[in-house]
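First the structure, in the form of structure tokens, and then the observations on it.
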Amino acid sequence: QRTMATINLSQSSFKQTVSKGLVLVDWWAPWCGPCRMFGPVFERVSSKHPEATFAKINTEEEPALAQSFEITSIPTLMVIRDGVLLLKQPGMLPEAALESLIAQAMKLNMDEVRNPPDKASAFDA
């Protein structure tokens, strides 16, 4: 028996949820066919990654939140780490691509993301 590792987010819980760790957000709506196809992929991948938070936001129930993030098409996936938006991508993702995004996000040095090293020094090899 496996437990679903996804949570539902709302306007009131969003900021606190995304402030720490790796958070993947699936923006969806019940009437959206591609969303219903992506949902099981998102759920499957969530069960393999207890280190990350997998959150779903129903755009029908949270229109103001969707508008504040300029969500114009669904599904849209957002990848947030330690409160920093790393990716906002509309469209369905295959499972392998979602796994790859998680691996890339986990490898990032967040100090460098927040404070990029001086551009000139990046070429001093």
Side-chain angles (χ1 to χ4, degrees):
Q1 178 181 349
R2 68 189 185 119
T3 57
M4 292 299 175
T6 61
I7 59 170
N8 290 312
L9 276 188
S10 64
Q11 183 91 40
S12 60
S13 62
F14 185 86
K15 193 171 185 178
Q16 182 181 359
T17 302
V18 303
S19 65
K20 286 207 181 302
L22 179 62
V23 182
L24 289 90
V25 181
D26 173 21
W27 297 84
W28 72 285
W31 51 262
C32 164
C35 297
R36 290 197 309 268
M37 290 167 58
F38 180 61
V41 171
F42 195 71
E43 295 280 356
R44 250 192 327 275
V45 173
S46 75
S47 67
K48 299 180 199 171
H49 293 278
E51 75 281 6
T53 300
F54 288 74
K56 295 175 80 69
I57 299 175
N58 182 337
T59 58
E60 296 285 295
E61 294 174 359
E62 298 292 338
L65 191 56
Q67 190 173 14
S68 70
F69 282 97
E70 299 175 354
I71 303 299
T72 55
S73 67
I74 52 176
T76 289
L77 178 72
M78 282 178 26
V79 179
I80 303 165
R81 185 159 162 213
D82 299 337
V84 178
L85 178 62
L86 302 175
L87 175 78
K88 180 177 131 186
Q89 178 174 319
M92 255 185 71
L93 281 178
E95 194 164 335
L98 185 53
E99 290 281 5
S100 174
L101 280 177
I102 293 166
Q104 292 174 55
M106 293 302 285
K107 279 193 245 176
L108 287 175
N109 178 332
M110 291 308 292
D111 291 332
E112 287 181 11
V113 171
R114 279 189 217 88
N115 304 301
D118 182 56
K119 301 252 185 293
S121 66
F123 298 103
D124 296 339

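Since this is a predicted model, take the numbers as computed values, not measurements. Position 1 is the first residue of the sequence, and the numbers go up from there.
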Output, in order, the C-alpha distance, side-chain angles, deciding distance and verdict of side-chain contact (heavy atoms from CB on, under 4.5 Å) for Ile80 and Phe14.
-> CA-CA 11 Å; Ile80 303 165; Phe14 185 86; 4.0 Å; yes
Could you walk me through whether Leu22 and Glu51 pass the side-chain contact (heavy atoms from CB on, under 4.5 Å) test, one step at a time?
-> CA-CA 8 Å; Leu22 179 62; Glu51 75 281 6; 5.7 Å; no
Presence of salt bridge, Glu95 and Lys48, under 4.0 angstrom = yes
Please examine the side chains of Cys32 and Pro75, heavy atoms only from C-beta on, and report whether any two atoms are closer than 4.5 Å.
-> yes
Provide the closest heavy-atom pair for Pro30 versus Arg36 in the form atom of the first, atom of the second, distance.
-> O-NH1, 2.8 Å
Scanning both residues in full, the closest heavy-atom pair of Met37 with Val41 reads O-CG2, 4.1 Å
Starting at CG of Leu93, measure out to CD of Glu99 and round the result to the nearest 0.5 Å.
-> 11.5 Å
Residues 62-78 vs side-chain hydrogen bond (donor to acceptor under 3.5 Å, both in side chains), sequence neighbours excluded, gives none
Compare all side-chain heavy atoms of Leu77 with those of Trp28 and state whether any distance is below 4.5 angstrom.
-> no
Side-chain H-bond candidate by donor/acceptor type, Glu43 with Ser47, under 3.5 Å = no
Determine the minimum heavy-atom distance between Arg81 and Leu108, stating which atoms define it.
-> NH1-O, 2.8 Å
Between Ser19 and Gln16 the two heavy atoms that sit nearest each other are OG-O, 2.9 Å
Would you check if Asn58 and Asn8 make a side-chain contact, meaning some heavy-atom pair closer than 4.5 Å?
-> no
Which atoms form the tightest heavy-atom contact between Leu65 and Gln11, and what is the distance?
-> N-OE1, 3.5 Å
Same cluster (ILVMFWY, side-chain, under 4.5 Å), Trp27 and Phe38 | no
Indicate, with yes or no, if Leu85 and Ile74 share a hydrophobic cluster defined by side-chain heavy-atom contacts under 4.5 Å among Ile, Leu, Val, Met, Phe, Trp and Tyr.
-> yes
Verdict with supporting geometry, Thr17 and Thr53, side-chain contact (heavy atoms from CB on, under 4.5 Å) = CA-CA 8 Å; Thr17 302; Thr53 300; 4.1 Å; yes
When hydrophobic residues are tied together by side-chain contacts of less than 4.5 Å, even through go-betweens, does Met92 share a cluster with Met78?
-> no
Do you reckon Leu87 sits in the same ILVMFWY cluster as Met110, going by side-chain contacts under 4.5 Å, direct or chained?
-> yes
So do the side chains of Leu98 and Leu24 get within less than 4.5 Å of each other, counting heavy atoms only?
-> yes
Tell me whether Val25 is reachable from Val45 by hopping between hydrophobic residues (I, L, V, M, F, W, Y) whose side-chain heavy atoms are closer than 4.5 Å.
-> no
Would you call the rings of Phe42 and Phe54 parallel, tilted or perpendicular, where under 30° means parallel and over 60° means perpendicular?
-> perpendicular
Check whether any side-chain heavy atom of Lys56 sits under 4.5 Å from a side-chain heavy atom of Ile7, and report yes or no.
-> no
Measure the shortest side-chain to side-chain distance between His49 and Met106 over non-hydrogen atoms and say whether it is less than 4.5 angstrom.
-> no
